[in-house]
Participant: 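I have a structure here, written as structure tokens, and I will follow up with some questions on it.
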Amino acid sequence: MQDKCSKCNSKKLFVEIIGTRRGLYCMDCGKWQKWITKPELQIAKAKDYKIIERKIR
């Protein structure tokens, strides 16, 4: 899994979970990086990335 933003090279990344989708985003510029798999989500949790869960209405 990548450790920095592809646009601004920031190392501040977070995961946003909406329903079954898990996206990796940059905290500094907001750019979407990629959809991540369940194993990558576990890696993100181990690296203490911020995890944001949103409900679908």
Participant: Any chance you could measure Tyr49, atom OH, to Lys11, atom NZ, to the nearest 0.5 Å?
Facilitator: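 These two atoms lie 9.0 Å from each other.
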Participant: Who pairs with Lys47 by salt bridge (Lys or Arg N to Asp or Glu O under 4.0 Å), at least two apart in sequence or on another chain?
Facilitator: Asp3
Participant: Of all the heavy-atom pairs spanning Asp28 and Ser10, show the shortest one and how long it is.
Facilitator: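 Shortest heavy-atom separation between Asp28 and Ser10 comes out as OD2-OG, 2.6 Å.
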Participant: Nearest heavy-atom pair of Gly19 and Ile56: which atoms, and what distance?
Facilitator: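 Taking every non-hydrogen atom into account, CA-CD1, 3.5 Å.
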Participant: Is a salt bridge present between Arg22 and Glu40, judged by a nitrogen-to-oxygen distance below 4.0 Å?
Facilitator: no
Participant: Grab the two heavy atoms, one from Gln33 and one from Ser6, that are nearest each other, plus how far apart they are.
Facilitator: OE1-N, 2.9 Å
Participant: Suppose clustering is done on Ile, Leu, Val, Met, Phe, Trp and Tyr with side-chain heavy atoms closer than 4.5 Å. Which residues sit in the same group as Met27?
Facilitator: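 Under the 4.5 Å side-chain rule, Met27 groups with Phe14, Tyr25, Trp32, Trp35, Ile52.
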Participant: First locate atom CG of Leu13, then atom NZ of Lys31, and finally report the distance between them rounded to the nearest 0.5 Å.
Facilitator: 11.0 Å
Participant: List in chain and number order the residues that pass salt bridge (Lys or Arg N to Asp or Glu O under 4.0 Å) with Lys45, two or more places apart in sequence or in another chain; answer none if no residue qualifies.
Facilitator: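 Lys45 satisfies salt bridge (Lys or Arg N to Asp or Glu O under 4.0 Å) with no residue once adjacent residues are dropped.
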Participant: Take a 6.0 Å sphere around NZ of Lys50 and say whether it holds more than 12 heavy atoms from other residues, nucleotides or ligands.
Facilitator: no
Participant: Once rounded to the nearest 0.5 Å, what's the spacing between atom CD of Glu16 and atom CD1 of Ile51?
Facilitator: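 So the CD of Glu16 and the CD1 of Ile51 are separated by 11.0 Å.
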Participant: Do you reckon Ile43 sits in the same ILVMFWY cluster as Val15, going by side-chain contacts under 4.5 Å, direct or chained?
Facilitator: yes
Participant: Out of curiosity, Glu53 CD to Ile17 CD1, how far, rounded to the nearest 0.5 Å?
Facilitator: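 The CD atom of Glu53 sits 4.5 Å away from the CD1 atom of Ile17.
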Participant: Tell me if the NZ atom of Lys34 is crowded by more than 12 foreign heavy atoms within 6.0 Å.
Facilitator: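 It does: Lys34 NZ has more than 12 such atoms within range.
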